[in-house]
Chemist: 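There's a structure below that I have some questions on.
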Amino acid sequence: MDISIEISLYPLAEENFKKEIWDFIKKLRGVDGLNVVTNGMSTQVFGDYDLAVHHVMSEIKKVHHSVDAAVFVCKFIGGNRSEVEPEL
């Protein structure tokens, strides 16, 4: 089973907040089997359910250990939603 996860990371009061965000994204991009797409508002992760959830949660935990305060806003939906549906 596949999953689609949308993630926004807000490292609070961090001077190098862009570095924290890009480090998080790069770690997810390094996982074989995950498709990671980034835009100006969020990062989307597509792939096998167990693989994606395991790695996303592991990286979230690492951020919480290294950053004093960080907020994650996440959406999880079953299936691969990486394909854009045509307009009707």
Side-chain angles (χ1 to χ4, degrees):
M1 177 177 178
D2 285 339
I3 192 167
S4 300
I5 306 170
E6 182 178 51
I7 309 162
S8 296
L9 165 57
Y10 304 96
L12 303 177
E14 291 292 318
E15 289 184 25
N16 296 322
F17 69 93
K18 287 185 181 181
K19 180 186 179 318
E20 299 293 340
I21 293 168
W22 280 109
D23 286 349
F24 177 80
I25 293 167
K26 288 176 185 176
K27 288 176 185 171
L28 291 175
R29 284 183 176 166
V31 177
D32 287 336
L34 295 183
N35 178 19
V36 179
V37 178
T38 303
N39 63 43
M41 295 181 64
S42 65
T43 297
Q44 295 86 40
V45 178
F46 308 99
D48 175 73
Y49 194 103
D50 292 331
L51 180 71
V53 170
H54 170 78
H55 285 284
V56 166
M57 296 310 294
S58 176
E59 293 306 324
I60 286 174
K61 184 176 182 178
K62 289 176 187 175
V63 169
H64 282 147
H65 278 294
S66 66
V67 176
D68 194 29
V71 174
F72 287 87
V73 176
C74 303
K75 298 177 197 173
F76 295 78
I77 186 167
N80 186 331
R81 305 294 177 154
S82 62
E83 297 295 322
V84 178
E85 291 184 21
E87 292 184 33
L88 298 176

Chemist: Would you please test I3 and V53 for side-chain contact (heavy atoms from CB on, under 4.5 Å) and show each step?
Modeler: CA-CA 8 Å; I3 192 167; V53 170; 3.9 Å; yes
Chemist: Hey, does the side chain of H55 reach the backbone of V31 with a donor-acceptor pair shorter than 3.5 angstrom?
Modeler: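 Flag not set: sc H55 to bb V31 has no pair under 3.5 Å.
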Chemist: Should L51 and V37 be counted in the same cluster of Ile, Leu, Val, Met, Phe, Trp and Tyr side chains packed under 4.5 Å apart?
Modeler: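 Different hydrophobic clusters.
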Chemist: How far does NZ of K75 sit from CD1 of I5, to the nearest 0.5 angstrom?
Modeler: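 Answer rounded to 0.5 Å: 13.0 Å.
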Chemist: Same cluster or not: are I77 and F46 linked, directly or through other Ile, Leu, Val, Met, Phe, Trp or Tyr residues, by side-chain heavy atoms under 4.5 angstrom apart?
Modeler: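 Shared cluster, no.
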Chemist: Verify, without hydrogens or angle tests, whether S58 (side chain) and H54 (backbone) share a donor-acceptor contact under 3.5 angstrom.
Modeler: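 Between the backbone of H54 and the side chain of S58 there is no qualifying donor-acceptor contact (under 3.5 Å).
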Chemist: Any donor and acceptor pair, going by atom type alone, linking the side chain of S8 with main-chain N or O of M41 inside 3.5 Å?
Modeler: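 Yes, the answer is positive, given that a donor and an acceptor are paired below the 3.5 Å cut-off.
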Chemist: To the nearest 0.5 Å, what is the distance between CG on N80 and CG on D48?
Modeler: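 Output value for this atom pair is 11.0 Å.
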Chemist: Are D23 and K27 ion-paired here, with the side-chain N under 4.0 Å from a carboxylate O?
Modeler: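 No, this pair does not count.
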Chemist: Using the rule that two of Ile, Leu, Val, Met, Phe, Trp, Tyr join whenever any of their side-chain heavy atoms come within less than 4.5 Å, decide whether L34 and M57 are in one cluster.
Modeler: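 Result: yes, single cluster for both.
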Chemist: Where does the angle between the aromatic ring planes of F24 and F72 fall among parallel (under 30°), tilted (30 to 60°) and perpendicular (over 60°)?
Modeler: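 Answer is tilted, since the angle falls between 30° and 60°.
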Chemist: Taking S4 for its side chain and R81 for its backbone only, find out whether a donor-acceptor pair lies under 3.5 Å.
Modeler: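 Between the backbone of R81 and the side chain of S4 there is a qualifying donor-acceptor contact (under 3.5 Å).
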Chemist: Quick one: pull up CD in E59 and NZ in K26 and give me the separation to the nearest 0.5 Å.
Modeler: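 That separation rounds to 13.5 Å.
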Chemist: Roughly how far apart are I7 CD1 and S42 OG, rounded to 0.5 Å?
Modeler: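 One finds 8.5 Å between CD1 of I7 and OG of S42.
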Chemist: Determine, stepwise, if the pair N35 / Q44 fulfils side-chain contact (heavy atoms from CB on, under 4.5 Å).
Modeler: CA-CA 8 Å; N35 178 19; Q44 295 86 40; over 6 Å; no
Chemist: Are F76 and Y49, when compared by the centres of their aromatic rings, separated by less than 6.0 Å?
Modeler: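 Judged by ring-centre distance (under 6.0 Å), F76 and Y49 do not meet the cut-off.
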Chemist: As an exercise, state the distance from CD1 of I21 to OG1 of T38, rounded to the nearest 0.5 Å.
Modeler: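 That separation rounds to 10.5 Å.
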